[in-house]
Protein chains: 2
Amino acid sequence: MQENREKEDRMVYREKEYKCGIDATLAVVGGKWKASILWHLSQRTMRFSDLQRQFSGTTRKMLTQQLRELETDGLVHREVYPQVPPKVEYSLTAKGTTIIPILDQMCAWAKEYLQ
Amino acid sequence: MQENREKEDRMVYREKEYKCGIDATLAVVGGKWKASILWHLSQRTMRFSDLQRQFSGTTRKMLTQQLRELETDGLVHREVYPQVPPKVEYSLTAKGTTIIPILDQMCAWAKEYLQ
DNA sequence: CTGTATCCCCAAGGATACTG
DNA sequence: CAGTATCCTTGGGGATACAG
């Protein structure tokens, strides 16, 4: 119950305004696969095909889209190796790693209080 | 980087299966207004009309829906006062309060790393 | 005051095919 | 291998009206 909860300062993210940082944060990591992507990348750098395997339930299109947004937000780094066939590796940026502790806590919370 | 990250144990929530607790937690608090609702309720018990005022951008239908789900998940308590006109108060349950520290951290993270 | 019931629309996301 | 382009479907959520 810290007092970092004032709602006076509004946040702006992607043209949209957020009353509190909570919604802004959820806008960044709350995408359908984003949290999971970040979590996996926190363990190791992954190629696009690695991510495809991990998220076998999703399409290339969705995966690409989510990765692009994470990249735009500065959480993920995209490294393209100019070779044929192409090789692209995704990894967390320094900023990206700062969100991981929160994801870890969400994971722990679920284990403790869900099901 | 704790080692509470095994993905062997799957979570089940609302008929759906989640590989890791992160997605399960997001399913609980990631709804469009849920995180904000929880945060406001952590400050004080609120009547339905109070919440309507806070979330002037949403409809009664949505608000009711989100509150019902939070209630079903055991995070929010709904107290109905049998009187006319009706009075209904919403508050956090003990379980509901356990998620607040995570929301606080999301708020802090946004302030630190967004915008 | 605190909801529920209906209708309706649009954009998120899936399937599929094509490309450098 | 790592994407884009296109089409198409679905259901989340808004608007509105009604109700206890």
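In the text below, chain A, chain B and the rest are named by the order of the sequence lines, each starting its count at 1.
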Validate the cation-pi geometry between A/Lys87 and A/Tyr81: distance from NZ or CZ to the six-membered ring centre under 6.0 Å, angle to the ring axis within 45°.
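Cation-pi check for A/Lys87 and A/Tyr81: passes.
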Using atom [atom1] of [X] as one end and atom [atom2] of [N] as the other, report the distance to the nearest whole Å.
{"X": "B/Gln65", "N": "C/dT4", "atom1": "CD", "atom2": "P", "value": "10 Å"}
{"X": "B/Leu63", "N": "D/dA15", "atom1": "CG", "atom2": "C1'", "value": "16 Å"}
{"X": "B/Met46", "N": "C/dG3", "atom1": "CE", "atom2": "P", "value": "14 Å"}
{"X": "B/Gln66", "N": "C/dT2", "atom1": "CD", "atom2": "C1'", "value": "17 Å"}
{"X": "A/Gln83", "N": "D/dG3", "atom1": "CD", "atom2": "P", "value": "13 Å"}
{"X": "A/Glu89", "N": "D/dC1", "atom1": "CD", "atom2": "P", "value": "14 Å"}
{"X": "A/Tyr81", "N": "D/dG3", "atom1": "OH", "atom2": "P", "value": "13 Å"}
{"X": "B/Trp33", "N": "D/dG13", "atom1": "CH2", "atom2": "C1'", "value": "11 Å"}

Sort out for me which residue in B/Arg47, B/Arg78, B/His77 forms a side chain to side chain contact (heavy atoms under 4.5 Å, CB included) with B/Glu89.
B/Arg47
Comparing B/Val80 and A/Met62 on DNA chain C - which has the more 5′ nearest nucleotide:
B/Val80
Any side-chain N or O of [X] less than 4.0 Å from the OP1 or OP2 oxygen of [N]?
{"X": "A/Arg47", "N": "D/dC1", "value": "no"}
{"X": "B/Tyr90", "N": "C/dG3", "value": "yes"}
{"X": "A/Thr58", "N": "C/dG13", "value": "no"}
{"X": "B/Lys32", "N": "D/dG14", "value": "yes"}

Does any N or O in the side chain of A/Gln66 come within less than 3.5 Å of the main-chain N or O of A/Trp33, such that one atom is a donor and the other an acceptor?
yes
Could you tell me whether a side-chain N or O of B/Lys111 sits under 3.5 Å from a main-chain N or O of A/Cys20, the two making a donor and an acceptor?
no
Below 4.0 angstrom, N of the basic side chain to O of the carboxylate: do B/Asp50 and B/Arg53 qualify?
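Judged by the 4.0 Å cut-off on N to carboxylate O distance, B/Asp50 and B/Arg53 do form a salt bridge.
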Between the protein and nucleotides 15-20 of chain C, list every N/O to N/O distance that falls short of 3.5 Å.
{"unit_1": "C/dA17", "atom_1": "N6", "unit_2": "A/Arg60", "atom_2": "NH2", "d": "3.3"}

A/Phe55 vs A/His40 aromatic rings, parallel, tilted or perpendicular, using cut-offs 30° and 60°?
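Perpendicular: the ring planes of A/Phe55 and A/His40 meet at over 60°.
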Between atom OG of B/Ser42 and atom CD1 of B/Ile99, what is the distance when rounded to the nearest 0.5 Å?
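The distance works out to 12.0 Å.
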Does anything in residues 55-70 of chain A form a salt bridge (Lys or Arg N to Asp or Glu O under 4.0 Å)? List the pairs, not counting sequence neighbours.
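Every pair satisfying salt bridge (Lys or Arg N to Asp or Glu O under 4.0 Å) with a residue in residues 55-70 of chain A: A/Lys34-A/Glu69.
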Candidate nucleotides C/dT2, D/dT4, C/dT4, ranked by approach to the side chain of B/Arg68 - the nearest
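Minimum distance to the B/Arg68 side chain belongs to C/dT4.
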Closest non-hydrogen atom pair, B/Leu26 against A/Ala35:
CD1-CB, 3.6 Å
Any residue in residues 70-79 of chain A with a heavy atom nearer than 4.0 angstrom to DNA chain C? Just list them by number, or reply none.
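Contacts with DNA chain C under 4.0 Å: none.
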